[in-house]
Amino acid sequence: MGAAPTRIGQQDPELVERTGFSPEQINNLHKRFLQLSGNKDTISRENLNDIPALAYNPIKSQIIEAFFDKRNQHDSEVGSLEEITFQQFLMVMSHFRPPTLEMTAEEKEAMRKEKLRFLFNMHDTDGDGKITLEEYRKVVEELLSSGSIEQESAKEITDAAMLEVASTNVPHMGPEDFYEGITFEHFEQILKGLEMESRMHIRFLDTATVHCGKS
Amino acid sequence: MTACVTLKPHTKGKGTIRRSEPQFDMGDVIYFCRKGVESIIDDEVTKSFSAQELESWNLLTRSIRRFPHRGLRLTLLWGLGVLIRYGILLPLRVILAVTGIFLFVILSTSVGFLPNSKLRFFLGEKVHLMGYRFCVKSLTAFITYHNSENRPKNGSICVANHTTPLDVIILANDRCYSLVGQVHRGLLGLIQRAMVKSSPHIWFERAEVKDRHLVAKRLCDHAADKTKQPILIFPEGTCVNNTSVMMFKKGSFEIGCTIFPVAIKYDFRFGDAYWNSSKFGLVHHLLRIMSSWALVCSVWYLPPMNREEGEDAVQFAKRVKAALAAQAGLADLTWDGGLKRTKVKDAFKEEQQRLYSEILLKVHQTQKQEKCFEDETPEGD
């Protein structure tokens, strides 16, 4: 709520259309974007790296990578960008918008698929459409610390999880069989019961100004 | 600051009796993902180091991001404002400031020639007060002092929140303090040397600042002398934008004498007082303040606080900070002001990882035990 609010939400109705945010939310996000980028038009990885609260997050680098991942732009391109514009920033954020009451069942399903896609892309770092054992292990290892937990336990946990995943797809896989990796459909299958809509969205604060000050 | 790692129990049987559930990994990724994106959208530290936002424009283009093209009348008003500020107010203020500093340096040095006596102390105080009053007039600062009965007494330490170097002038306008700081060069160094001639201040050489024992000792010695003026310290260590109070460094709270907290709150409708040292230097900052409308602020003197039994310096600092933030209506943050220039240490991320892995490990161990129990014959243990 600035004196001269950036009216980008109103000026660009296409953004509202494509991302599903309201014009006010877009304005607020734009302000935040400018704050992070230092009033420039693009954000680089450095800008996101500088956020102190993010430094606490074990999967910080994966999250930052997700912003620069081309696959999250709803294109079918693969690869990563060096810097992103506000439109691209919004596109990535749109994966986290909360479901609204007026959504139909198909829209909800589509949104769920989108969020799953985002998660899948975060695991599948080389972009070949499959999450291999290595890639999955990497994510789990990031969540666990490198120091205080023994390598054995970490490996055990990861392997157990991976075995579980593998066996749901190929029920009678023997120990010598080579498991290629989790495809997106399989990923969907695994997380079918998991309730994502309420877990994977961002709460946006109301845009009313908060008065702090006894003046 | 430690994010609570609470994992929701995944009570989702999959129909088969399996030991481990891969979902617990995937679901947890979602949790951290969301937390991460939330920090990207909004975090307390970045907010505290950028200038505040105004509700309605105060005709200063520096307070907003881009010029609001809302019509001819507004632009004319703004133009008029610019003329008044830069054509009338700024020159007057600069003249006042220059005269004030000039007079102060001369008078202070003269007082310094007097022999060490009560007269010198008395005159020294008067000269200092005169200098500060000149400065306040030159900034057109309108200061309201609340609770003057709690004004700091001699032989104590005064702590305040820090927004701009001018905080010193705001506070010293009311009574004399002993300042602590680094020795500078140039004009500021000249003023520092002049000040020290008529009143005891604690200036450190750059190399000495690193030596914490030396710093602590000098502060202690000064504070122990009950006739000396109170030491003015800003425990945040850096300028913050006056919407929040950041972590207080414990150094000044270890000394053990009475602490008088003082809260300063600026009314930023008349001009933003926050010094963003990475954006502009001191002279530029002074010019900005002098070309704003005015510097309006409130100063609250809080009752003195002492360290209680069984309380260590860190807890004492937190207590003082909470009282100060509550009085001025500022957010009480536990982040370190040093984050303005440095990054968070990896140790914090590792702490999160450790917490999470402990949980996983416990789950894993319990599951292993359960499996062993299932496998064992009933007669076994």
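Here is the naming used below: chain letters follow the sequence lines, and residue numbers restart at 1 for every chain. Quick note: numbers below take in every heavy atom, side chains included, and nothing from hydrogens, waters or symmetry partners.
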- Query: Quick one: CZ on Arg34(B) to CG on Asn57(A), what's the gap to the nearest 0.5 Å?
  - Reply: 12.0 Å

- Indicate the atoms forming the closest heavy-atom contact of Arg32(A) with Ser39(B), along with that distance. NH2-O, 3.3 Å

- For Asn47(A), enumerate each residue passing the side-chain contact (heavy atoms from CB on, under 4.5 Å) test, keeping only those at least two apart in sequence or located in another chain. Ile43(A), Ser44(A)

- Query: More than 12 non-hydrogen atoms from neighbouring residues, nucleotides or ligands closer than 6.0 Å to CG on Asp128(A), yes or no?
  - Reply: yes

- Give the minimum heavy-atom separation between Leu36(A) and Ile40(B), together with the two atoms involved. CD1-O, 3.6 Å

- Item | Residue part contacting chain B, namely of Phe67(A), when any heavy atom lies under 4.5 Å | side chain

- Any idea which heavy atoms bring Phe32(B) and Ile63(A) closest together, and the distance? O-CD1, 3.6 Å

- At a heavy-atom separation under 4.5 Å, does Phe120(A) approach chain B through its side chain, its backbone, both, or neither? neither

- Message: Test of understanding: with salt bridge (charged side-chain N to carboxylate O under 4.0 Å, His left out), list the residues that count as partners of Lys113(A), not counting sequence neighbours.
- Response: Glu188(A)

- Query: Do Met93(A) and Ile41(B) come within less than 4.5 Å of each other through their side chains, counting heavy atoms only?
  - Reply: yes

